[in-house]
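What follows is a single structure, written as structure tokens, with notes after it.
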There are 2 protein chains.
Amino acid sequence: MLDAVSRVRRFNRAVTSEVGALDSSFLGRGRPLGAARVLNAIGHGRSDVAEIRDYLGLDSGLLSRLLRSLEDEGLIETTAHEDDARRRVARLTRNGRREFEAYETISNMQAERLLARHAKSESLLAAMDLVASALLQGRTALVEMSPRAPAARHCLAEYYGELARRFSQGFDVSLSRDPDARDMIRPRGVFLVAMSDTLPVGCVGLKGSGGEAAEIKRLWVAPSARGLRLGRWLMETAESAARELSIKVLRLDTNSALPEAGQLYRTSGWRKIPRFNDDPYPDLFFEKHL
Amino acid sequence: MLDAVSRVRRFNRAVTSEVGALDSSFLGRGRPLGAARVLNAIGHGRSDVAEIRDYLGLDSGLLSRLLRSLEDEGLIETTAHEDDARRRVARLTRNGRREFEAYETISNMQAERLLARHAKSESLLAAMDLVASALLQGRTALVEMSPRAPAARHCLAEYYGELARRFSQGFDVSLSRDPDARDMIRPRGVFLVAMSDTLPVGCVGLKGSGGEAAEIKRLWVAPSARGLRLGRWLMETAESAARELSIKVLRLDTNSALPEAGQLYRTSGWRKIPRFNDDPYPDLFFEKHL
DNA sequence: CGCGATATCTGACTAAAGTCAGATAATGCT
DNA sequence: AGCATTATCTGACTTTAGTCAGATATCGCG
């Protein structure tokens with residue numbers, strides 16, 4: 001019936017009217033949209049004036065005036081940056097925080113209303129995640145963090161859950177060789193998480209030993225972010241990090257129940273090698289010289 | 001990691017920036033956004049001034065001026081409505097059509113670009129359909145049309161495809177009692193299609209015989225529109241139409257491989273009855289007195 | 001200290017969008 | 001025909017957003 005482009009355009013029309021509705025609900029608090037956006041940016045932790053300007057794409061003169069008007073309303077206060085008095089930092093006052101929270105409530109209620117009128121809200125959320133990951137593709141960031149950080153833990157939990165679903169015999173982390181977190185933190189290794197706005201959508205661990213050999217562990221991409229070549233990007237970034245750490249040879253184990261992963265390794269310079277550990281889950285082993 | 005509301009809000013942020021990008025690409029043709037929107041509304045067949053005003057939510061004075069500026073550019077011409085000279089109708093000139101098509105090209109290319117950078121564009125499209133159906137929920141319309149109309153045929157083809165996937169023995173329309181289209185057109189019956197913007201997302205047929213008994217056939221809701229209570233709405237509307245046609249008793253057949261349908265019938269006043277036909281596919285039979 | 005670079009602000013504009021009170025003309029109804 | 005209603009238009013205005021050229025203050029560095 002409808003070709004692909006028409007379907008995308010129907011989607012665009014649908015969200016345009018919905019987004020417009022959000023904007024006009026923001027107008028209800030008697031403040032122009034520009035000022036409301038600045039207040040919200042500050043509320044969400046963007047304190048540096050340059051950072052706000054950059055985030056909202058505003059002219060420096062315009063932002064300066066908007067900040068002044070929020071200051072006159074008593075919602076924010078600005079002070080000089082402590083190590084550089086040319087820069088200014090903005091902070092919400094008590095009233096500003098109250099006003100910011102009113103905007104937050106509007107946004108949250110809008111979101112809740114949408115979910116409430118859908119009887120299958122889990123499938124709606126999954127679809128929203130997928131579309132958002134596609135739209136945010138260019139702004140996805142790979143962040144190095146501890147495997148114990150919340151975003152990293154989230155990815156690992158999803159990863160284990162997925163293995164449990166995919167392996168016919170299930171998956172129990174405690175039976176697998178769970179790497180010590182310290183081996184995936186510099187200087188021994190690294191742990192990378194792909195962040196798409198606030199959502200962690202993928203991860204990979206480089207588990208070093210201090211020597212010239214290291215292992216790739218825990219490569220995972222969220223279902224909502226598949227098809228965006230994130231796996232490849234994670235692997236390339238992990239390999240660069242390995243080179244920085246003077247690692248010469250990388251190894252990894254995987255399972256033939258994860259064919260996408262195997263395909264990725266084969267097409268990016270990895271070579272199949274014999275089993276090199278006694279972990280019960282993997283049945284395929286790869287190596288790559290850097 | 002992220003609760004439902006945060007996920008919706010991430011989605012909102014993602015589409016807000018995307019919509020902004022579409023808007024600014026429209027600016028490239030040297031015309032303010034307001035004028036471009038009016039031109040596009042006219043190009044998409046909205047000719048009545050009041051209709052445009054309503055669709056775009058514009059003040060009458062503002063729209064009047066925008067129409068004047070498009071007229072001065074030679075892109076549209078307005079004439080009095082033929083049955084009511086107070087109303088005006090706008091129409092694209094040859095140049096206007098060319099300009100409209102330039103905007104169409106921009107939108108189409110934007111959509112294609114998004115799809116092209118996604119390696120699983122079919123899953124992206126399915127997600128977009130689902131989100132759009134949810135957002136457009138309040139604007140979904142039930143349209144009575146011939147079962148031979150394109151939108152109706154689309155629904156029927158999807159319906160047959162779904163039966164083929166769901167029934168363990170497959171499904172072949174030619175073995176089933178395919179109702180004559182005329183039995184689902186007034187005055188004998190009706191055929192309803194749920195339109196969500198341009199996408200047909202559900203259908204139902206009321207197959208009459210001219211007498212007091214009629215059958216409900218071809219109830220289908222698109223996967224992207226499930227959870228929106230569309231099935232129930234289609235059934236209620238078909239029942240109202242049946243009452244209008246002085247039908248006293250409705251019957252239908254279904255299959256236990258379609259549990260959602262059976263559940264819907266059971267919770268809306270239908271009673272299980274013995275088999276009343278020799279169609280090989282159904283194994284459940286219902287009746288409802290109006 | 002002096003000087004070019006940097007961050008923000010101010011002033012003076014313009015363009016776009018939106019508001020609102022009539023003006024104008026056609027229509028429907030008695 | 002008379003008159004309230006309806007659809008659109010015009011004029012006069014305000015608000016919001018955005019641009020741009022300097023002004024001001026601070027910083028980093030030789």
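Naming: A, B, ... by sequence-line order, numbering from 1 per chain.
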Checklist entry - Do the non-hydrogen side-chain atoms of B:Leu124 and A:Leu130 ever get within less than 4.5 Å of each other? => result yes
Checklist entry - Contact class for A:Arg53 vs. all strands (heavy atom < 4.0 Å): base, sugar-phosphate, or nothing? => result sugar-phosphate
Checklist entry - Counting any heavy atom closer than 4.0 Å, what does B:Arg37 reach on the DNA or RNA strands: base, sugar-phosphate only, or nothing? => result nothing
Do [X] and [Y] have side-chain atoms, one donor and one acceptor, less than 3.5 Å apart?
X	Y	value
A:Arg139	B:Ser17	yes
B:Asn12	B:Arg9	no
A:Ser133	B:Arg10	yes

Nearest whole angstrom, please: distance from the [atom2] of [N] to the [atom1] of [X].
X	N	atom1	atom2	value
B:Arg88	C:dT27	CZ	C1'	16 Å
A:Glu82	D:dT26	CD	P	17 Å
B:Ile52	D:dT8	CD1	C1'	12 Å
B:Asp72	D:dT10	CG	C1'	14 Å
A:Asp54	C:dT8	CG	P	11 Å
A:His81	D:dT26	NE2	P	16 Å
A:Arg87	D:dG28	CZ	C1'	14 Å
A:Arg31	D:dT15	CZ	P	16 Å

Checklist entry - When only distance counts, do a donor and an acceptor, one from the side chain of A:Arg86 and one from the base of C:dT6, lie under 3.5 Å apart? => result yes
Mark yes or no for whether [X], through its side chain, and [Y], through its backbone, hold a donor-acceptor pair below 3.5 Å.
X	Y	value
B:Asn40	B:Ala36	yes
B:Asp59	B:Gly61	yes
A:Arg243	A:Ala238	no

Checklist entry - Once you build an axis from the first five pairs and another from the last five of the helix from C:dC1-D:dG30 to C:dT30-D:dA1, how far apart in angle are they, to 10 degrees? => result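 Comparing the first five pairs with the last five, the axes sit 20° apart.
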Next on the checklist: Tell me whether the rings of B:Phe26 and B:Tyr103 are parallel (<30°), tilted (30 to 60°) or perpendicular (>60°).
Outcome noted: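 It falls in the tilted class, 30° to 60°.
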Checklist entry - Hey, can you pull the residues of residues 56-70 of chain A with a non-hydrogen atom under 4.0 angstrom from DNA chain D? => result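 A:Leu58, A:Asp59, A:Leu62, A:Arg65 - these, ordered by number, are the residues of the stretch whose heavy atoms sit under 4.0 Å from the strand.
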Checklist entry - Roughly how far, to the nearest 0.5 Å, is CG of A:Leu22 from OG1 of B:Thr16? => result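 One gets 7.0 Å once the value is rounded to the nearest 0.5 Å.
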Checklist outcome for this item: Walking DNA chain D from its 5' end, the first of A:Asp84 and B:Val89 to be reached, judged by nearest nucleotide, is B:Val89
Checklist entry - For DNA chain D, whose closest nucleotide is more 5', that of B:Ala50 or that of A:Gly34? => result B:Ala50
